Amino acid sequence: MLKIRLGVAPAAGTGPAEFAGLAQRLEEAGVDSLWLSELVYSPEVDPMIGMAHALARTSKLKVGTGVAILPGRHPVLVAKQLRTLAGLAPKRVLPVFGLRPARAAENALFPVPPGRRAAVFDESLVLLRRLLEEDEVSFHGEFFDVDGARLGPRPAKRLDVWLGGSAPAALRRTGRLADGWLGSFHTPAQARAARLAIQEAAAEAGREIEEDHFGLSLAVADHGVPPELAAVAARRSPGVPLPDLVATSWPEARRLVEQHIEAGLSKFVIRPAHGDFPDFLEKFQAELVPLQN
């Protein structure tokens with residue numbers, strides 16, 4: 001049986017002042033995990049700093065990035081951050097990485113050679129995985145050159161690295177190089193197809209991804225779908241009816257989660273489309289937490 005777990009993300013625009021007490025509130029409410037997006041040109045907290053804050057203020061809550069951008073960052077520095085966080089908060093750090101920012105205006109903040117972002121991502125992932133799993137790493141690739149990197153104690157538990165993305169190349173990359181997948185703006189049928197494509201790519205690479213390492217980020221817009229959210233959904237899944245991608249009520253959220261579970265997904269990040277977080281959390285606990293096992 002798949003282990004079903006549901007976490008939450010802050011509402012769009014949640015700045016440091018609103019974020020400060022959020023982790024403790026979630027832990028007291030028994031929420032499994034908190035997920036932080038990388039949106040630089042926004043009030044939202046930086047995901048790595050937000051993770052450190054949330055982990056320091058709690059003892060059980062898991063905290064993840066959903067998603068952070070890897071190409072354009074040096075993998076040695078990313079590995080050092082993750083190993084430090086995992087050492088301070090064992091078994092509670094959930095990194096998920098993506099190819100490029102959600103907003104095109106932020107691409108320049110993560111510089112890579114023109115036309116080589118996917119290649120940089122692949123090499124970054126290979127190097128990052130080695131840095132997380134080995135005591136000393138030497139690596140000589142096209143983009144990175146590392147001699148005898150030692151980053152201190154490895155985490156007691158191996159740190160899984162998940163990826164986002166929906167393009168065929170992104171799904172193949174997940175199968176070849178990652179430990180799990182967190183999708184978004186997928187119908188249950190699309191999510192099932194993505195899962196199967198990832199598992200096929202993993203098998204071709206002589207790997208296996210654990211069956212409960214497939215997840216989805218789902219927005220709940222129970223007070224109407226904001227135009228910007230509708231635009232993102234249309235861009236990500238053209239021609240798909242909006243209610244198949246965004247939950248327009250809490251009963252619809254439960255229906256979609258149940259259908260994604262049937263499609264083989266087991267980890268969910270539920271995002272409020274509106275800013276009334278106390279109301280969101282109350283309904284999340286009533287409608288969706290009972291689906292956990």
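It should be emphasised that the depicted structure is a prediction, and the values quoted were computed from it without experimental measurement. For this chain, numbers begin at 1 and follow the sequence in order. Only this structure's heavy atoms are used, side chains among them; waters, hydrogens and symmetry mates stay out.
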Under-4.0 Å salt bridge between [X] and [Y]:
| X | Y | result |
| --- | --- | --- |
| R5 | D212 | no |
| R255 | E252 | yes |
| K283 | E287 | no |

Is there a path of hydrophobic side-chain contacts, each under 4.5 Å between heavy atoms, that joins [X] and [Y]?
| X | Y | answer |
| --- | --- | --- |
| I4 | I270 | yes |
| F268 | F277 | yes |
| L34 | M48 | yes |
| V126 | L151 | yes |
| L36 | V8 | yes |

Side-chain ([X]) to main-chain ([Y]) donor-acceptor, under 3.5 angstrom:
| X | Y | answer |
| --- | --- | --- |
| E106 | V40 | yes |
| R207 | G175 | yes |
| R195 | A263 | yes |
| E27 | S59 | yes |
| R83 | G152 | yes |
| S237 | F185 | yes |
| S37 | G66 | yes |
| R154 | E133 | yes |

Practice prompt. Take atom CD of E282 as the centre, draw a 6.0 Å sphere, and report whether it contains more than 12 heavy atoms from other residues, nucleotides or ligands.
Written response: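 For E282, atom CD is not crowded (no more than 12 foreign heavy atoms under 6.0 Å).
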Worksheet item: Just wondering, are more than 12 heavy atoms of other shown residues or ligands nearer than 6.0 Å to CD in E208?
Response: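 No, because the 6.0 Å sphere around CD of E208 holds 12 heavy atoms or fewer from other groups.
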Would you compute the distance between atom [atom1] of [X] and atom [atom2] of [Y] and round it to the nearest 0.5 angstrom?
| X | Y | atom1 | atom2 | result |
| --- | --- | --- | --- | --- |
| K80 | L82 | NZ | CG | 12.0 Å |
| F144 | L131 | CZ | CG | 10.5 Å |
| E136 | R130 | CD | CZ | 10.0 Å |
| L218 | L265 | CG | CG | 11.0 Å |
| K3 | S266 | NZ | OG | 9.5 Å |
| L229 | L242 | CG | CG | 7.0 Å |

Under a 4.5 Å cut-off applied to non-hydrogen side-chain atoms, are [X] and [Y] in contact?
| X | Y | answer |
| --- | --- | --- |
| K267 | L216 | no |
| T187 | L245 | yes |
| F143 | P113 | yes |
| L2 | F214 | no |

Determine the minimum heavy-atom distance between [X] and [Y], stating which atoms define it.
| X | Y | answer |
| --- | --- | --- |
| P243 | L256 | O-CD1, 3.8 Å |
| F97 | V67 | C-CB, 4.1 Å |
| P272 | A9 | CD-O, 3.1 Å |

Item to complete: Using salt bridge (Lys or Arg N to Asp or Glu O under 4.0 Å) as the criterion, point out the one residue from R100, R103, R73 that pairs with E38.
Response: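 Only one option passes, and that is R73.
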Worksheet entry | Validation row, ring centre F280 to ring centre H274 under 6.0 Å |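 So the answer is no for these two rings.
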Discussion item. Does either side chain, that of R271 or that of S184, offer a donor lying less than 3.5 Å from an acceptor on the other one?
Written reply: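 The answer is no; no qualifying pair exists.
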Worksheet item: Given the rule in the salt bridge (charged side-chain N to carboxylate O under 4.0 Å, His left out) test, do D179 and R129 qualify, once you have shown the distances and angles that lead to the verdict?
Response: CA-CA 10 Å; D179 299 299; R129 294 292 299 271; 3.2 Å; yes
Discussion item. Tell me which one of V78, L163, L99 satisfies side-chain contact (heavy atoms from CB on, under 4.5 Å) with L70.
Written reply: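 That would be V78.
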Practice prompt. Measure up the F19 and H53 rings against each other and bin them: parallel (under 30°), tilted (30 to 60°), perpendicular (over 60°).
Written response: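 Taking H53 first and then F19, their aromatic rings sit tilted (interplane angle of 30° to 60°).
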